[in-house]
Number of protein chains: 2
Amino acid sequence: MSGSTSPMKSVQRSFDVIDVLWELDGAGPTEIAEEMDIPRSTAHVYLQTLQSTGYVVNTDGRYELSHAFLAMGSRLKHRNQIYQASQTALEELAAETGEVVTLIVEEAGRAVFLHIERGETAIELGLYSGITIPLYSHASGKTILSTLSEDRVDEIIDRHGLDSITSETITDRATLLEKLESVRADGYAVDWDQQIEGMGTIGVPIVVDEQLKGSIGIACPTERVKSESYQTELLNRLRETNETITIKYQYGT
Amino acid sequence: MSGSTSPMKSVQRSFDVIDVLWELDGAGPTEIAEEMDIPRSTAHVYLQTLQSTGYVVNTDGRYELSHAFLAMGSRLKHRNQIYQASQTALEELAAETGEVVTLIVEEAGRAVFLHIERGETAIELGLYSGITIPLYSHASGKTILSTLSEDRVDEIIDRHGLDSITSETITDRATLLEKLESVRADGYAVDWDQQIEGMGTIGVPIVVDEQLKGSIGIACPTERVKSESYQTELLNRLRETNETITIKYQYGT
DNA sequence: TATCTCATCCAAAATGGTCGAACATTTAAT
DNA sequence: ATTAAATGTTCGACCATTTTGGATGAGATA
């Protein structure tokens, strides 16, 4: 199993440079050199090289991250089959419910938000495409965990831990496994205040041919999701949408 | 001026690996090695290293590009002030006109699409956030060129050429400069079939404090944009939207 | 003009990337 | 089951490449 070789210091450094460029919102060799504690000339070579790749641009003396990241990220998103199958359905769901509608997939044991749609009454959550959060701290992620083997869940917990994010976050392995058990039985998950105070979430897993493809969810104020009737309504709409997506995924447009 | 050093072979190679991973939609060391004509062991080290950066993930033996690209790209987009100032206004414009509404910025002499909004009757153009196209082949790009010095325009033409994309593309420097002259005078640009056959575009430059920030545009079928009255209507709405954006950019929310 | 600061270039020194070969593991074939 | 082929992974020694201090030049500041 994991945990071994990771050489290529120069490659790792080049990504460190990218991180610093992000943090400083652009910089020259000197700033990079100071921030990373390397000689100026070294910083310069890295910037030159990154520029030659197109991921960094030099606008009159100032090096900045280019939009190659956005381009590659968007292409990856649009090529993703589950996104293709979901897009229009999610738009409709957001319009109907007025809430925040999300599509996540699992990657390296974490939840990646592939797409976010906002309805009229949607709350602002600071979500954006590509952001990753833990799987255990919200309904959508729990539905994904609920489809994985217990070994796999243990592996993910080992890798990422069960840190408390709010006072309501589940931080106990046994409690989480119990919760996942009931999610598995119900086919959906609901929770609130576990990832962000005041945010309630509902999620259902997208399963095609017994293969987990991702999860769609709705996020809204905790108070709203606590209402049994509203919860049921959202759940029904989520399930309808899920059905639409599953069919489109299997049989194309 | 430019054109010299480009060392860091290993860093450049690591981005070649990324390109190959995109093209092959994921691959193992052997495939990478064959595609790039390098030893398997070398390919392996690169993949391991890229994995350690988080930009590549290994899902049971298969290495794939991760959503770190999407995350970084989205963060860059959302941090961009002109995007922040434009977002809601563009949504409204797309809803009102029903067409494809775009926000572009200049980067390294090319047009980068920062955002695309689609209305009800929008045509499908295969656009996505981050995609880059030339500046001279569509109205929005021309409005950007029209605000640059002639030296700058020459420099851009030298760097990227004036290749013909469709039969209508302007491929002659003098013709382009003339066109830019009239765009500068009018404060907007209209053209059709120059980037994509059947697509007509209208654009206006976003200028704040005499500084060019980008350009907003509308894309629709050529036939529609050829109608004088419709063209005028779109132009008026574009100008209104531009005004809204400019004010928001200067004075915040 | 003189004095900074900073980006860029250069060439010597040693670190670390490269690559062949061996090992481990999975897949396919017999 | 057993064998063979293919692929992922590890290892170590050589030498190409990265690294780095110092030189150069451009641009800003006083």
Side-chain angles (χ1 to χ4, degrees), chain A residues 1-21 23-66 108 149 151-152 155, chain B residues 1-21 23-53 55-66 108 149 151-152 155 159:
Chain A
M1 192 109 289
S2 71
S4 51
T5 47
S6 59
M8 306 256 95
K9 200 170 147 189
S10 59
V11 173
Q12 293 184 327
R13 267 195 181 177
S14 69
F15 281 88
D16 291 343
V17 171
I18 288 171
D19 286 345
V20 173
L21 281 176
E23 279 157 23
L24 300 182
D25 199 4
T30 302
E31 287 175 84
I32 297 286
E34 280 175 7
E35 190 74 19
M36 294 180 62
D37 200 34
I38 56 175
R40 272 196 300 233
S41 48
T42 304
H44 181 253
V45 182
Y46 276 91
L47 290 170
Q48 290 272 329
T49 307
L50 286 171
Q51 180 179 211
S52 79
T53 69
Y55 281 86
V56 165
V57 287
N58 183 341
T59 315
D60 35 58
R62 186 170 192 75
Y63 292 87
E64 294 182 345
L65 296 181
S66 83
S149 69
D151 281 358
R152 195 66 215 297
E155 192 187 316
Chain B
M1 193 109 289
S2 70
S4 50
T5 47
S6 61
M8 306 257 98
K9 201 169 147 187
S10 61
V11 174
Q12 292 184 327
R13 268 195 180 177
S14 69
F15 281 88
D16 291 343
V17 171
I18 287 171
D19 286 344
V20 172
L21 281 176
E23 279 157 22
L24 301 181
D25 198 5
T30 303
E31 287 175 83
I32 297 286
E34 281 174 7
E35 189 74 20
M36 295 180 62
D37 200 35
I38 55 175
R40 275 198 303 246
S41 51
T42 304
H44 181 255
V45 186
Y46 276 91
L47 289 170
Q48 290 273 325
T49 307
L50 287 171
Q51 181 178 211
S52 80
T53 68
Y55 282 85
V56 165
V57 287
N58 183 341
T59 315
D60 36 56
R62 186 171 192 75
Y63 292 86
E64 295 180 344
L65 296 180
S66 84
S149 70
D151 281 357
R152 197 64 216 297
E155 191 187 317
R159 172 133 62 131

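Being a predicted model, the structure only gives us computed values, none of them experimental. In what follows, every heavy atom counts, from backbone to side chain, and hydrogens, waters and symmetry copies are set aside. Proteins come first, then strands; the chains are lettered A, B, ... in the order of their sequence lines, and each starts at number 1.
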Ranking A:Ser10 and A:Glu31 by the position along DNA chain C of their nearest nucleotide, the one closer to 5' is A:Glu31

For [X] and [Y], which heavy atoms make the closest approach, and how far apart are they?
X	Y	value
A:Val57	B:Ala108	CG1-CB, 4.3 Å
A:Glu31	A:Arg62	OE2-NH1, 4.1 Å
A:Ser10	B:Ser10	OG-OG, 2.8 Å

Donor-acceptor contact below 3.5 Å, side chain A:Ser66 vs main chain A:Gly54:
yes

Less than 4.0 angstrom between a side-chain N/O of [X] and OP1 or OP2 of [N], yes or no?
X	N	answer
A:Asn58	C:dT8	yes
A:His44	C:dA7	no
A:Arg13	D:dT19	yes
A:Thr42	D:dT19	no

Side chain of [X] - closest among [options]:
X	options	value
A:Thr30	C:dG16, C:dC6, C:dT18	C:dC6
B:Ser41	D:dT17, C:dC19, C:dT8	C:dC19
B:Pro39	D:dT17, C:dG20, C:dT8	C:dG20

Could you tell me how far apart [X] ([atom1]) and [N] ([atom2]) are, to the nearest whole angstrom?
X	N	atom1	atom2	result
A:Tyr63	C:dT8	OH	C1'	8 Å
B:Gln48	C:dT18	CD	C1'	16 Å
B:Arg62	C:dT26	CZ	P	18 Å
A:Tyr46	C:dA7	OH	C1'	18 Å
A:Ile32	D:dT20	CD1	C1'	17 Å
A:Leu47	C:dC9	CG	P	13 Å
B:Asp16	C:dG17	CG	P	16 Å
A:Arg40	C:dT5	CZ	P	10 Å

Parallel, tilted or perpendicular for A:Tyr55 and B:Phe15, by the 30°/60° rule?
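Ring orientation, 0 to 90° scale: tilted.
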
